[in-house]
Amino acid sequence: MIVLNILYIIAGIAIVLVGADKLTEGAAAVATKFKVPQIVIGLTIVAIGTSMPELCVSLVSALKGTPDLAVGNVVGSNVFNSFLIVGITALVAPMTILHSTVRKDIPFALVASVLLLLLCLDGSLSRIDSIILLLLFAVFMRITLAGAKAKKENENEGAARGEQSLLEPSRVASEEGNMPNEAGREMAMWKAALFILAGLVMLVFGSNLFVDNATEVAIIIGVSEAVTGLTIVAMGTSMPELATSVVAAKKGNSGIAIGNVLGSNVFNILLILGTTGVICPMQLNGITNVDFSAMVISMFMLWLFSFTKYKIERWEGAVLTLAFIGYVSWLIYNV
């Protein structure tokens with residue numbers, strides 16, 4: 001029985017990832033058709049599209065009455081991103097970090113992590129808490145879009161290509177072939193609409209399949225929903241970020257790799273938990289302050305390693321990877 005559940009979990013992950021890809025590609029084609037600026041597409045449709053797996057899994061989990069799975073998915077994904085993805089990526093190729101990333105982007109992601117920790121100290125994520133997260137997300141998007149547009153204007157004036165803003169890597173990655181290319185892709189509107197519809201259906205179906213069977217596995221082996229969300233679910237929904245970052249590192253695009261992680265972390269906390277909590281306020285039982293602290297520490301370590309020489313060396317990547325192994329080992333030991 002458990003083998004079948006695991007196969008369904010894998011199938012659910014695959015369906016969710018394909019659904020996110022189709023939804024993003026169709027939405028980008030529609031936006032291009034109606035002449036929405038490419039920079040806006042990259043910073044909104046593509047970036048949100050890559051976070052769809054986390055959003056759907058967390059939302060479905062909350063609606064099904066498994067809030068620990070919902071929050072554990074986000075907290076675990078962020079720990080996975082900051083520790084393991086950055087760690088493995090740095091091991092593949094040392095990552096050069098832009099000054100603007102160290103000054104603005106990493107601190108913003110760190111603030112979002114600390115804010116979530118503070119809001120959840122009472123063991124719940126209320127609608128008011130979630131609205132605060134969404135308001136901060138709106139501020140974040142306004143600042144990022146304004147900065148990106150200004151930078152685009154400078155580029156159009158012939159200036160050298162400047163440092164990427166927090167979410168621009170999603171756009172650049174699409175141009176590199178790591179994500180759907182939203183620029184100049186010709187697609188009939190009926191086909192784009194079909195992609196969007198199919199993507200939404202696959203996201204909903206895949207998320208339900210994933211959550212139901214992950215919960216079943218947790219019950220069978222006696223693992224809590226919180227631990228399941230922090231490990232299996234989080235790792236499964238973070239696979240797109242891992243693939244994108246490693247490929248970017250191999251191509252020498254460390255800015256894409258680090259931006260991918262930071263953008264995902266901010267979206268996970270502010271947009272995904274903000275949206276999920278507004279729709280379905282959550283009481284947290286299994287997610288502890290240790291888990292939230294691990295998320296904050298992972299971001300702090302990332303900022304510290306980046307701040308020293310504006311570069312994450314291989315040995316620092318090894319430290320981050322070992323920290324992730326230590327955290328997961330702690331989870332397993334306490335089970």
Indicate the atoms forming the closest heavy-atom contact of [X] with [Y], along with that distance.
X: E313; Y: K311; answer: OE2-CD, 3.7 Å
X: M202; Y: V18; answer: CE-CG1, 3.3 Å
X: A62; Y: T276; answer: CB-CG2, 3.5 Å
X: I312; Y: A90; answer: CG2-CB, 3.7 Å
X: R314; Y: L91; answer: NE-O, 3.0 Å

Distance, nearest 0.5 Å, that separates [atom1] of [X] from [atom2] of [Y]:
X: L320; Y: S298; atom1: CG; atom2: OG; value: 8.5 Å
X: N213; Y: I2; atom1: CG; atom2: CD1; value: 10.5 Å
X: L284; Y: D291; atom1: CG; atom2: CG; value: 10.5 Å

Exercise. Do L230 and Y327 have side chains that get closer than 4.5 Å, going by heavy atoms?
Worked result: yes
Exercise. Does a side chain donor of either N73 or S58 reach within less than 3.5 Å of an acceptor in the other side chain?
Worked result: yes
Please list every donor-acceptor pair under 3.5 Å in which a side-chain atom of residues 107-123 meets a protein atom from a residue at least two apart or in another chain.
{"residue": "S113", "atom": "OG", "partner": "A109", "partner atom": "O", "Å": "3.0"}
{"residue": "D122", "atom": "OD1", "partner": "S124", "partner atom": "N", "Å": "3.2"}
{"residue": "D122", "atom": "OD1", "partner": "S124", "partner atom": "OG", "Å": "3.3"}
{"residue": "D122", "atom": "OD2", "partner": "S124", "partner atom": "OG", "Å": "3.3"}

For this session: Could you tell me which residues satisfy side-chain hydrogen bond (donor to acceptor under 3.5 Å, both in side chains) with T308, sequence neighbours excluded, listed by chain and number?
Result: none
